Structures are given as C-alpha cells and as structure tokens.
Amino acid sequence: MSETKKLTIEERLYANETRADHASHLAILDPSACPACEAKPCVSVCPARTYSWGEETQKIAIAHENCLECGACRAACPKAVISWKNPMGGCGICYRYG
Ligand code: SF4
Ligand code: SF4
C-alpha cells in the first residue's frame, strides 16, 4: 500500500491557482454597520485573510484577490451587509486536488 503525504493547509492553498478579477466580487453594502459590529466575524472566519479592520479608517478593507469562494463571510456577517457575487468568468479560484 502506498503512503500519501499529508499536506499542510498552506501547502494545499499554494497548490490552487487564482486569477484575480479586476473588479472586486465582494463589497460591504453599508460600511457604517461595521464600527459597531463587535466581533467582526468577517475577519475571523475568512480562511484567506481577505478582510482586515482598520482602526484609523474605521473601515473593513477587502483583498478580494485572496478569496477562496467559500461563502463563510456572507453567512457570518450579523448585519447581512456583505455583497458576494461570483467573480467574472475565467477569474477566481481554481482548485487543484491530489
Ligand atoms: S461582519 Fe459584517 S458588519 Fe461586521 S465588520 Fe464584517 S462586514 Fe461589517
Ligand atoms: S468567501 Fe470565504 S474566502 Fe472568500 S472572502 Fe468570504 S470567507 Fe473569505
């Protein structure tokens, strides 16, 4: 029986290919909701660190090119202010298996 090497999460992520869309497929529809959102789950649930909170700007910054298209941020936002669309055809994450 052959042994399969176990890959780390980082190794698995590096195996994928992303073609970033020029326009973001993610948006925050009402940024005024974010300062009062205590837990800011969009930041903590995203496995790709797409969202970051700026203390100075009091805004969430979005690095859309990091997105793995899992949908967790949209489900986790308690204010339902995240707009999530599919990236343009041919763009976005391309998962590699094996
Ligand atoms: S979870 Fe929603 S409301 Fe909270 S900081 Fe993120 S985008 Fe804003
Ligand atoms: S869809 Fe998933 S990977 Fe993309 S920004 Fe939301 S939580 Fe992060």
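This is a predicted model, so every value here is computed, not measured. Both ligands and their constituent atoms are indexed starting at 1 by order of listing.
Contacts of I82 with ligand 1, taken as heavy-atom pairs under 4.0 Å, involve the side chain alone. The proximity of R74 to ligand 2, defined as any non-hydrogen pair under 4.0 Å, does not occur for either the backbone or the side chain.
Every atom of ligand 1 with a heavy atom of C42 under 4.0 Å away is listed here by number and element: 1 (S), 5 (S), 6 (Fe), 7 (S). Near Y51, meaning under 4.0 Å from any of its heavy atoms, are these atoms of ligand 2: 5 (S). Of all atoms in ligand 2, listed by their number and element, those nearer than 4.0 Å to a heavy atom of L26 are 5 (S). Annotation for ligand 2: atoms under 4.0 Å from non-hydrogen atoms of G71 are 1 (S), 2 (Fe). Atoms of ligand 2 found under 4.0 Å from any heavy atom of L68 (numbered from 1 in listed order, with element): 3 (S), 4 (Fe). Heavy-atom proximity to T50, at under 4.0 Å, picks out these atoms of ligand 2: 5 (S), 8 (Fe).
Counting only distance, with no hydrogens or angles, the side chain of T18 and the backbone of A20 share no donor-acceptor pair below 3.5 Å. One N or O on the side chain of E69 and one on the backbone of I93 form a donor-acceptor pair closer than 3.5 Å. For D21 (side chain) and M88 (main-chain N/O), a donor-acceptor pair under 3.5 Å exists by modelled atom type.
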Practice problem: Show your working on side chain to side chain contact (heavy atoms under 4.5 Å, CB included) between L26 and C67 and close with a plain yes or no. | Solution: CA-CA 9 Å; L26 305 165; C67 181; 4.2 Å; yes
Quiz item: Going through the distances and angles, do W53 and C34 end up as a side chain to side chain contact (heavy atoms under 4.5 Å, CB included)?
Solution: CA-CA 9 Å; W53 173 246; C34 299; 4.0 Å; yes
Practice problem: Any chance you could lay out the salt bridge (charged side-chain N to carboxylate O under 4.0 Å, His left out) test for E17 and R19, step after step, and finish with the verdict? | Solution: CA-CA 7 Å; E17 187 186 336; R19 286 184 211 107; 3.3 Å; yes
Quiz item: S52 and I60: side chain to side chain contact (heavy atoms under 4.5 Å, CB included), yes or no, with the steps?
Solution: CA-CA 6 Å; S52 56; I60 292 283; over 6 Å; no
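Atom 3 (S) of ligand 1 has its closest protein heavy atom at K79 CG, 3.5 Å. At the shortest separation from atom 2 (Fe) of ligand 1 among protein heavy atoms lies C77 SG, 2.3 Å. For atom 6 (Fe) of ligand 2, the nearest non-hydrogen atom of the protein is C73 SG, 2.3 Å. Counting protein heavy atoms only, atom 8 (Fe) of ligand 1 is closest to C34 SG, 2.4 Å. Shortest contact from atom 4 (Fe) of ligand 1 to any protein heavy atom: C37 SG, 2.3 Å.
The residue among C46, P41, S44 with a heavy atom at the shortest distance from atom 1 (S) of ligand 1 is P41.
For the residue pair C73 and I82, the shortest heavy atom distance occurs at O-CD1, 3.6 Å. The minimum heavy-atom distance linking P41 with P78 is given by the pair CG-CD, 3.7 Å.
Proximity of V45 to ligand 2 is not established, as no heavy-atom distance is less than 4.0 Å. The closest approach between any non-hydrogen atom of P78 and ligand 1 is below 4.0 Å.
Here the CD atom belonging to E65 is positioned 10.0 Å from the NE2 atom belonging to H25, to the nearest 0.5 angstrom.
C70 lies apart from atom 8 (Fe) of ligand 2 in this respect, since none of its N, O or S atoms is found at a distance under 2.8 Å.
At a threshold of 4.5 Å between non-hydrogen side-chain atoms, the residues L68 and P47 count as touching.
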